[in-house]
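First up is the structure itself, then whatever we jot down about it.
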Amino acid sequence: MERRTSRAPQKPLTSLLVFVCLLLCVHILPAQSPEAALDLVIINGHIIDGTGSSWYSGDIGIRGGKIAVIGNLSERSRAHTIDAKGKVVAPGFIDMLGQSEMTILVDPRLPSKIYQGITTEVTGEGGSAAPLNDAIIQADRVGYEHYKITPDWRTFRQYFARLEKQGMGINLASYVGATQVRRMVLGDDDKQPTPEQLEQMKALVREAMTDGAVGVSTSLEYAPAPYAKTEELIALASEASKFGGIYATHMRSESDSVLESIDESLRIGREAHIPVEIWHIKVAGKNNWGRMPEVVAKINAARNAGMDVSANTYAYTAWFNDFSAFVPPWAHDGGTAKMVERLKDPAMRARMRKDMLTPSKDWDNEWQEIPGPEAIMIGIVQNPKLLPLQGKRLSEVAKLWQKDPIDALFDFLVEDPNVGVAVFGMSQPDVTLALQQPWVSIDNDSSGTSPEGILGQEHPHPRAYGTFPRILSKYVREEKVLTLEDAIRKFSALPAQRMRLTDRGVLKAGMWADVVIFDPATVHDRATFENPNQLSEGMEYVLVNGTPVIDHGKMTGKLPGKVLRGEGYAP
């Protein structure tokens with residue numbers, strides 16, 4: 001009796017649930033049917049799927065921003081068709097170090113990126129967009145004012161929300177910078193954290209990881225980063241590891257102490273139980289040319305011993321960094337304003353000059369790495385008075401100012417301590433050997449830019465516009481040191497695998513439709529060191545999440561990019 005009376009009221013509810021389920025099935029199943037109409041079909045292309053396999057023929061059907069089906073789709077209904085006859089169809093390219101966290105707020109289309117075929121960027125080199133506090137904003141005020149950006153966020157969660165609100169032309173992921181969390185707690189001073197301060201830094205890393213950061217990063221050449229001891233970095237990397245993160249590094253030295261710097265990176269990886277990514281791998285400086293085989297051997301030995309370590313490269317023989325990196329780390333203690341004060345002090349200047357002229361393994365002494373002042377090209381300046389000097393060599397500036405080159409360098413930094421420079425300090429055989437390694441992917445190491453507006457007034461490294469097409473034209477087509485299939489793998493599946501982007505980087509059903517279509521016989525870069533603000537040519541179509549941002553070789557202006565959050569993200 002009791003059982004019967006308790007079950008009786010459930011019958012109308014059960015009937016209602018069955019009815020609702022049937023209703024849902026009627027509406028949902030046709031939309032998910034493989035035979036449903038497609039948004040877009042790419043036909044007649046040579047599909048290079050990103051895995052390194054040879055091309056194959058087939059049509060690619062896209063629906064709802066994802067690849068729905070690959071095969072013979074001649075009978076399938078669709079809204080749009082792209083005929084890729086004679087062209088390669090490949091996964092969108094992934095820039096393993098992009099630097100666009102600020103410029104994406106200036107021009108969210110990022111023309112320099114999409115014309116290269118880049119559909120995803122990873123950023124946050126030591127410094128990162130977040131976390132932020134008022135002290136950092138004040139210290140970096142010149143940079144924000146230069147780009148006319150109001151930093152109205154404090155956390156990654158808020159920064160990512162701003163990106164999603166404005167829209168963006170490509171997908172973007174970010175590391176949290178170890179320098180950034182150091183500055184939050186210690187400022188720009190040359191000092192060590194107390195146990196309590198280190199706990200604050202670790203808490204900031206944890207917050208960033210739950211906000212969606214993909215790992216923790218270092219740029220150990222640039223103050224205040226060199227002040228951090230290895231143990232501090234292990235502590236921060238250990239926090240990122242708990243959330244499935246990666247440790248990415250611009251190492252402490254890429255020149256005389258490059259092998260020791262790799263050892264430090266491997267130690268951090270081992271003790272923090274975290275994979276290691278070495279950014280823009282190189283052997284810098286004329287005294288180190290020819291040492292790339294040693295670097296490759298060391299990393300291969302670590303990998304053979306079970307260490308998860310990989311690297312990336314932009315494959316040019318000049319790097320691009322802060323002009324102030326030529327000044328010894330001690331001169332940066334307390335931040336940029338303090339450095340400028342020291343540059344105005346004759347005794348401090350004399351001490352800096354002596355350090356720069358003395359070979360040392362204690363810091364990455366770039367003055368010792370270059371053939372002479374002609375190897376430094378003035379790039380992006382923030383002081384408008386110095387705009388006419390963009391694109392000139394330091395040797396030319398010294399002659400113009402009738403000064404010794406080191407004095408010209410010091411005086412330039414007094415006028416503009418935030419200038420960026422191209423430095424010609426690598427050998428081509430070393431660069432080529434690094435590029436050929438199966439564990440090396442590709443980075444731009446430059447922020448997205450445009451020939452127009454504020455960004456068009458700058459003089460960046462040509463890699464900002466040219467890295468990926470240049471590899472396709474120079475290293476694949478002309479020099480044949482890479483196959484087309486392997487280049488595409490380095491652009492797509494390899495970085496997606498490293499960044500754990502399980503739904504990108506390969507062309508197959510179920511993946512997000514980040515797709516490029518280009519003619520491998522004609523794709524090329526146009527940017528040069530003398531005239532860098534030139535878009536690459538040859539990308540006929542670039543699709544981001546199924547939406548064309550390049551259509552018939554022209555920018556559409558659409559902003560379909562997504563924020564790509566790490567494994568530790570807590571909504």
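Just so you know, residue 1 is the first one in the sequence shown, and it goes up from there. In this text, all values refer to a predicted model and were calculated from it rather than measured experimentally.
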Side chains of [Y] and [X]: any donor to acceptor distance under 3.5 Å?
{"X": "Ser241", "Y": "Tyr247", "result": "no"}
{"X": "Thr123", "Y": "Gln99", "result": "no"}
{"X": "Ser310", "Y": "Glu277", "result": "yes"}
{"X": "Thr432", "Y": "Gln436", "result": "no"}
{"X": "Ser536", "Y": "Gln116", "result": "no"}
{"X": "Ser112", "Y": "Thr449", "result": "no"}
{"X": "Asn545", "Y": "Thr547", "result": "no"}
{"X": "Ser219", "Y": "Glu125", "result": "no"}
{"X": "Asn171", "Y": "Trp512", "result": "no"}
{"X": "Arg291", "Y": "Asn288", "result": "yes"}

Pair [X] + [Y]: ring centers closer than 6.0 Å:
{"X": "Tyr222", "Y": "His250", "answer": "yes"}
{"X": "Phe529", "Y": "Phe424", "answer": "yes"}
{"X": "Phe491", "Y": "Phe468", "answer": "yes"}

How about Lys66: does its NZ atom have over 12 heavy atoms from other parts shown lying under 6.0 Å from it?
yes
Heavy-atom neighbours of Lys508 NZ exceed 12 at 6.0 Å
no
salt_bridge([X], [Y]) N-O dist < 4.0 Å:
{"X": "Glu452", "Y": "Arg109", "answer": "yes"}
{"X": "Arg463", "Y": "Asp445", "answer": "yes"}
{"X": "Arg504", "Y": "Asp514", "answer": "yes"}
{"X": "Lys298", "Y": "Asp263", "answer": "yes"}
{"X": "Arg267", "Y": "Glu264", "answer": "no"}
{"X": "Lys85", "Y": "Asp83", "answer": "no"}
{"X": "Lys282", "Y": "Asp430", "answer": "no"}
{"X": "Glu537", "Y": "Lys554", "answer": "no"}

Aromatic plane relationship, Tyr159 with Phe156 - under 30° parallel, 30 to 60° tilted, over 60° perpendicular
perpendicular
On the 0 to 90° scale, with breaks at 30° and 60°, tag the His280-Tyr314 ring pair as parallel, tilted or perpendicular.
tilted
Determine the minimum heavy-atom distance between [X] and [Y], stating which atoms define it.
{"X": "Thr155", "Y": "Ala130", "result": "C-CB, 3.5 Å"}
{"X": "Asp95", "Y": "Asn444", "result": "OD1-N, 2.8 Å"}
{"X": "Trp153", "Y": "Arg162", "result": "CZ3-NH1, 3.4 Å"}
{"X": "Ala496", "Y": "Gly505", "result": "CB-CA, 3.8 Å"}
{"X": "Ser492", "Y": "Gly92", "result": "CB-O, 4.0 Å"}
{"X": "Pro438", "Y": "Arg489", "result": "O-NH2, 2.8 Å"}

After noting the C-alpha distance and the side-chain angles of Phe320 and Met377, does the key distance pass the side chain to side chain contact (heavy atoms under 4.5 Å, CB included) rule?
CA-CA 9 Å; Phe320 193 92; Met377 176 183 274; over 6 Å; no
What distance separates Asn44 CG from Ile517 CD1, expressed to the nearest 0.5 Å?
11.0 Å
Dump the intermediate steps for side chain to side chain donor-acceptor pair (under 3.5 Å) on Tyr465 and Asp525, then the final yes or no.
CA-CA 7 Å; Tyr465 287 88; Asp525 59 313; over 6 Å; no
Please test Tyr541 against His552 for ring-ring contact (aromatic ring centres under 6.0 Å, His included), starting from the C-alpha separation and ending with a verdict.
CA-CA 6 Å; Tyr541 293 88; His552 285 94; 5.2 Å; yes
